[in-house]
Amino acid sequence: MIREVIDEVNSKSEEEISKIIAEKFPEELAREKKLQEHRLPDLENVGEFVVMRMAPSPSGPLHIGHSRMAILNDEYVKRYGGHLILRIEDTNPKNIDPESYSMIPQDLKFLGVNVTDNVIQSDRFPIYYEQARILMENGHMYVCSCNPEEFRKLKLQGEACPHRSQKPDENTELFRKMLSDRKFATGKTVVLKTDLHHPNPSIRDWIAFRVLLQDHPRTGNRYWVYPTMNFSVAVDDHLLGLTHVIRGKDHLNNTDKQRYIFRYNGWKEPEYYHYGLVRIPDAMLHASEMKAGIRSGKYTGWGDVRLPTILALSRRGYAPETFRRYWVESGMREIDSEFSWDIFNSINREIIDPVASRYFFVPSPVPISINFPDRIVANILLHPGKKDGGARRYEFHGKTTIYVTNDDSRKFNENEIIRLKDLCNVIWHGGDAEFAGAENTRKDVKIIHWTPENSIPYEVDRPDGTVVKGLLEPLGSEYDGVAQFERFGYVRMFRGNGKAYFLHR
RNA sequence: GCUCCGAUGGUGUAGCCCGGCCAAGCAUACCGGCCUUUCAAGCCGGCGACCCGGGUCCAAAUCCCGGUCGGAGCACCA
């Protein structure tokens, strides 16, 4: 019976089916097509609220890549309510730039990320030690004094190191001595027992604490037994009550490692999500490299417009909302992808265009002499979409000089009429511009922009490191904010400093 | 090599879990047109994709198997 109906339906053409539906089930057609919006998928197992975290290492300020994890976490906490913890992971003193402790919160603030709690791991050594003791007492950890090569070799072969069989009492005693005696501790590690036959060697008995004799910017020489990231992360994720963890898929293996600690302690695991890696073209993302460049004077600082830091990007005029929309649109799937400056810029343009004042900036200026027979006034809107939004006003009379770009001037043909935007027409004769009326009569002429005689020298720094020199119309000098230099692109101007940063076209 | 992921137009994505509203939507880029005293914005139109091969099924982008390609990890970094 069912079979017959199916066969019957399948035997009909699309049109026939549509017709039948239209006749018998009109309400089906009325159903609207799903509104296309970019919305992040819902999280699994959400209770009353969520607790999420961002866990950057303090090796420098945040850059465009970091903004993804910040936005994603923030979006979900905003959706479900709850806590968003900023946890600074500074358990490797070799990899710390002290400035980061204050720069990271500033970057997050700029991005509009609402941090509700702050945690710094270097405040929590006693907690990690205590958790280690518990695991040791339950036989899940041991103190190891193998040298690195030895330990590695055994691991690779899936064999136990001689210390693995130590009794819990021996381990806790050794650990106690490690904590109180630097010298004794040196060369020893604390290892978490996992599975010596785990197919992935890195997951077999992994190191949870190592001894580093280097001073820590925050704790000095008070501690020398440092937890590794996988240990402190697992402990903190539990103790801080994390319900959902979102991070890059480069942490996939780390998640497996951390799960052992949850299992041993009978802790409830958070829901894990791993988003794919993003390649960001034309961006130098390594904090150490940036830092070296700053030290050597190659870059002016973390806010150098050639860098992809949040600081630099904000100085160039990117809106916080741009980051948010871009990453929400990118979603949270595990596929790797390539960052698109085109799309990023287009989102930004949509946000800033309505509020960007227009100015004339003439790169590589060429002077042109014009004789105005009558007084003429240029009244140029600050924004073409806002008739009441104010205007720039310039007056001309008699013989005067104006400037146009070198590029434009080279394209003039003999006897051609050129429109100087919002000012007048000129006719090009033997290298001179002759006034040809102020009325806007012809539509099919070239329209170019210009600046008046008293324009000011001005520069635009581009993110590729090049500098464009030119002239800015005088009324632009006091502007502060994102502007559009007509026919040039959007820039971020700063009041009275004689230069702007290029944003995008 | 081993372990684990993944594969939709040039790019970013929606759809995949729960097969039929998908001859695949949106955005961006590009091309054309309109509008415009900016090469911006806006409006209209166009181009363009389910990695390959099998299987299951009345029906596969969606489920299964194999292949190919790509990525991540294989640290006393985070």
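Throughout, a chain's letter reflects where its sequence line sits, starting with A, and its residues are numbered from 1. Only a predicted model underlies this, so the values are computations on that prediction, with no experimental measurement involved.
Across all strands, A/Q484 comes closer than 4.0 Å to base atoms (heavy-atom distances). Looking at heavy-atom distances under 4.0 Å, A/R152 makes contact with sugar-phosphate atoms alone, never a base. At the heavy-atom level, A/P148 lies under 4.0 Å from base atoms of the strands shown. A/I335 comes within 4.0 angstrom of the backbone, heavy atoms only, and of no base. Base engagement by A/P384 is indicated by at least one non-hydrogen atom pair under 4.0 Å involving a base atom. Backbone-only engagement by A/Y490 is indicated by non-hydrogen atom pairs under 4.0 Å involving sugar-phosphate atoms exclusively. Residue A/N230 is out of contact with every strand shown, counting any heavy-atom pair closer than 4.0 Å. Contacts of A/S59 with the nucleic acid, taken as non-hydrogen atoms under 4.0 Å apart, are absent. Across all strands shown, A/D422 has heavy atoms under 4.0 Å from base atoms, whether or not it also approaches the sugar-phosphate.
Between B/C35 and B/C44, the distance separating the two P atoms is 15 Å to the nearest Å. Only the C1' atoms considered, B/A61 is 34 Å distant from B/G1, to the nearest whole Å. Distance noted for atom P between B/G19 and B/C26: 25 Å (whole Å). Taking the P atoms as reference points, B/C52 lies 11 Å from B/U8, given to the whole Å. As rounded to the nearest Å, B/G48 and B/A23 have C1' atoms that lie 15 Å from one another. Annotation: B/C50 and B/A40 have their C1' atoms spaced 36 Å apart (nearest Å). Taking atom P on both nucleotides, B/C17 is separated from B/G33 by 44 Å, rounded to a whole Å. For the P atoms, the distance from B/G10 to B/C47 is 15 Å, rounded to whole Å.
Whole-Å rounding puts the A/F209 CZ to B/C77 P distance at 13 Å. Atom CD1 in A/I447 sits about 5 Å away from atom C1' in B/U37, given to the nearest Å. Atom CG in A/L381 sits about 15 Å away from atom P in B/U36, given to the nearest Å. Distance A/N95 CG to B/C77 C1': 6 Å, rounded to the nearest Å. Residue A/Y275 contributes atom OH, which lies 17 Å from atom P of B/G6 at whole-angstrom precision. In this entry the distance linking CD1 of A/I280 with C1' of B/G12 reads 13 Å, nearest Å. Note: NE2 (A/H63) to C1' (B/A78) measures 12 Å, nearest angstrom. Rounded to a whole Å, the NE2 atom of A/H383 is 11 Å from the P atom of B/G42.
Counting heavy atoms of neighbouring residues, nucleotides and ligands inside a 6.0 Å radius, atom NZ of A/K386 exceeds 12 of them. By the neighbour-count criterion of 12 heavy atoms within 6.0 Å, atom CG of A/D388 is sparsely surrounded, having that number or fewer from other residues, nucleotides or ligands.
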Dot-bracket summary - RNA chain B, pairs being Watson-Crick or G-U whose distances fall under 3.5 Å, with | when paired to another strand: (((((((..((((......[....)))).(((((.......)))))....(((((..]....))))))))))))....
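Toward the 5′ end of RNA chain B lies the nearest nucleotide of A/D336, the other residue of the pair A/D336 and A/Q121 mapping further downstream. Mapped onto RNA chain B by nearest heavy atom, A/L277 and A/L420 fall at different nucleotides, with A/L420 at the one closer to the 5' end.
Screening A/R124, A/R53, A/Q131 against A/D236 for a side chain to side chain donor-acceptor pair (under 3.5 Å) leaves a single residue, A/R124. Of the options A/T189, A/N230, A/N254, a side-chain contact (heavy atoms from CB on, under 4.5 Å) to A/W206 is made by A/N230 and by none of the others.
The closest side-chain heavy-atom distance from A/P227 to A/F125 is below 4.5 Å. Side-chain contact between A/M103 and A/T309 is absent, with no heavy-atom pair separated by less than 4.5 Å.
Between A/R487 and A/D407 there is no salt bridge, since no side-chain nitrogen of the basic residue lies less than 4.0 Å from a carboxylate oxygen of the acidic one. Using a 4.0 Å cut-off between a side-chain N of Lys or Arg and a carboxylate O of Asp or Glu, A/R87 and A/D237 qualify as a salt bridge.
Between A/R349 and B/A41 there is a side-chain polar atom (N or O) within less than 4.0 angstrom of OP1 or OP2. Close to B/G71, at under 4.0 Å from its OP1 or OP2, lies no side-chain N or O of A/R279. Dashed line: the shortest gap from a side-chain N or O of A/T228 to OP1 or OP2 of B/A78 is not under 4.0 Å.
Classification of the A/F344-A/Y326 ring pair by plane angle, with boundaries at 30° and 60°, yields perpendicular. Aromatic ring pairs are classed by plane angle as parallel below 30°, tilted from 30° to 60° and perpendicular above 60°; the pair A/H504 and A/Y318 is tilted. Using bins of under 30°, 30° to 60° and over 60° for the plane-to-plane angle, the ring pair A/F396/A/W450 lands in the perpendicular bin.
Residue A/T189 places its side chain closer to B/C76 than to any other of B/A78, B/G73, B/C76. Of the candidates B/A78, B/U13, B/A14, the closest approach to any side-chain atom of A/T91 belongs to B/A78. Checked against B/C39, B/U28, B/U3, the side chain of A/N200 finds its nearest nucleotide in B/U3. Residue A/R333 places its side chain closer to B/G6 than to any other of B/G6, B/G73, B/A78.
A donor-acceptor contact under 3.5 Å is formed by the side chain of A/R358 with the base of B/A40.
Taking the centre of each ring, A/F360 and A/H449 come in below the 6.0 Å mark.
Near RNA chain B, defined here as any heavy-atom distance below 4.0 Å, the residues from residues 244-253 of chain A are A/K249, A/D250, A/H251, A/N253, listed numerically.
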